[in-house]
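Okay, so here's the structure we're looking at.
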Amino acid sequence: DGGITQSPKYLFRKEGQNVTLSCEQNLNHDAMYWYRQDPGQGLRLIYYSQIVNDFQKGDIAEGYSVSREKKESFPLTVTSAQKNPTAFYLCASSISLTTDTQYFGPGTRLTVL
Amino acid sequence: GNSVTQMEGPVTLSEEAFLTINCTYTATGYPSLFWYVQYPGEGLQLLLKATKADDKGSNKGFEATYRKETTSFHLEKGSVQVSDSAVYFCALNNNNDMRFGAGTRLTVKP
């Protein structure tokens, strides 16, 4: 089955630690995205990538970093510089940056203690 | 800029009731419009979409019509089920700029 996987589903970290969230897709999509979801709010774009070895900042990139070394993978690192990292993180992909429909993974809930 | 406004929840209905969740948008040009659904603890699933004015998207009994004159994309279902309980997000994509509404939580009681 084609799809997007995110791991782990739940993640706990101590304040001041960096943490990396995994996102893998086997849909052969070129474009991938990371969003943050907070309670009662819509999704906000953190980073996106339209092709391997390329990525761009979204609306709330501060305190986050990404890499795109493989087409299938787009990991997100939440650094200690992110002031309020506790949130639900969603990865998405689309055929290309210009394709209008995005498909989402199941999400990772990060709690910083 | 591009933005989406949807009705605040929560919405609570009895099974078999009629559902409407309002969504309006602001955008220049001709965005594509979407409804996504999120079940507890899960990611977003695409429910339906429409890409041009007067298009009607439909799926699983849900419908929404792209109304350019009122910049709206209201979600409707004639008879809701308990299994429809979820958070519904209206969204637009305008020239690769994807914007989401805040989400509307729907609870359907037996």
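First the proteins, then the strands, lettered A, B, ... as listed; each starts at 1.
- Within a 6.0 Å radius of CD in Glu16(B), other residues, nucleotides and ligands contribute 12 heavy atoms or fewer.
- Other residues, nucleotides and ligands place more than 12 heavy atoms under 6.0 Å from the CZ atom of Phe62(B).
- No other option in Asp59(A), Thr99(A), Leu90(A) has as many heavy-atom pairs under 4.5 Å with chain B as Asp59(A).
- The environment of Tyr39(B) atom OH is dense: over 12 non-hydrogen atoms of other residues, nucleotides or ligands sit within 6.0 angstrom.
- By the neighbour-count criterion of 12 heavy atoms within 6.0 Å, atom CG of Asn95(B) is sparsely surrounded, having that number or fewer from other residues, nucleotides or ligands.
- Looking at Tyr10(A), there are no atoms closer than 4.5 Å to chain B (heavy atoms on both sides), in backbone or side chain.
- Proximity to chain A is absent for every atom of Arg105(B), based on heavy atoms less than 4.5 angstrom apart.
- With hydrogens and angles ignored, the 3.5 Å screen pairs a side-chain donor or acceptor of Lys9(A) with a backbone N or O of Gly41(B).
- Separating the OG atom in Ser96(A) from the CG atom in Asn96(B) is a distance of 7.5 Å, to the nearest 0.5 Å.
- The shortest distance between side-chain heavy atoms of Asp100(A) and Lys49(B) falls below 4.5 Å.
- At least one side-chain heavy atom of Leu44(B) sits under 4.5 Å from a side-chain heavy atom of Leu43(A).
- With a 4.5 Å cut-off on side-chain heavy atoms, Tyr48(A) and Met98(B) do not count as touching.
- For Tyr36(B), the part lying near chain A is the side chain, with the backbone staying farther off; criterion is any non-hydrogen pair under 4.5 Å.
- Contacts with chain B were tallied for Gln6(A), Gln41(A), Arg44(A); Gln41(A) has the most, counting heavy-atom pairs under 4.5 Å.
- In this structure, Trp34(A) is not a member of the same hydrophobic cluster as Leu46(B), with clusters built from ILVMFWY side-chain heavy atoms closer than 4.5 Å.
- Phe104(A) contributes atom CZ, which lies 14.0 Å from atom CD of Glu42(B) (distance to the nearest 0.5 angstrom).
- A chain of hydrophobic side-chain contacts below 4.5 Å, direct or via other Ile, Leu, Val, Met, Phe, Trp or Tyr residues, connects Leu21(A) to Val66(A).
- For chain B, the nearby part of Tyr35(A) is the side chain; its heavy atoms alone come within less than 4.5 Å.
- In the hydrophobic clustering of this structure, Val78(A) groups with Phe55(A); members are Ile, Leu, Val, Met, Phe, Trp, Tyr whose side-chain heavy atoms approach within less than 4.5 Å, directly or through other members.
- For Thr51(B), the part lying under 4.5 angstrom from a heavy atom of chain A is the side chain only.
- Hydrophobic cluster membership differs between Phe89(B) and Trp35(B), with clusters built from Ile, Leu, Val, Met, Phe, Trp and Tyr side chains linked at under 4.5 angstrom.
- In the hydrophobic cluster analysis, where Ile, Leu, Val, Met, Phe, Trp and Tyr join through side-chain heavy atoms closer than 4.5 angstrom, Ile95(A) is grouped apart from Phe34(B).
- Heavy-atom distances place no part of Gln6(B) under 4.5 Å from chain A, backbone and side chain included.
- Other residues, nucleotides and ligands contribute over 12 non-hydrogen atoms within 6.0 Å of the CD atom of Gln81(B).
- Using a 4.5 Å cut-off between heavy atoms, Gln102(A) contacts chain B through both its backbone and its side chain.
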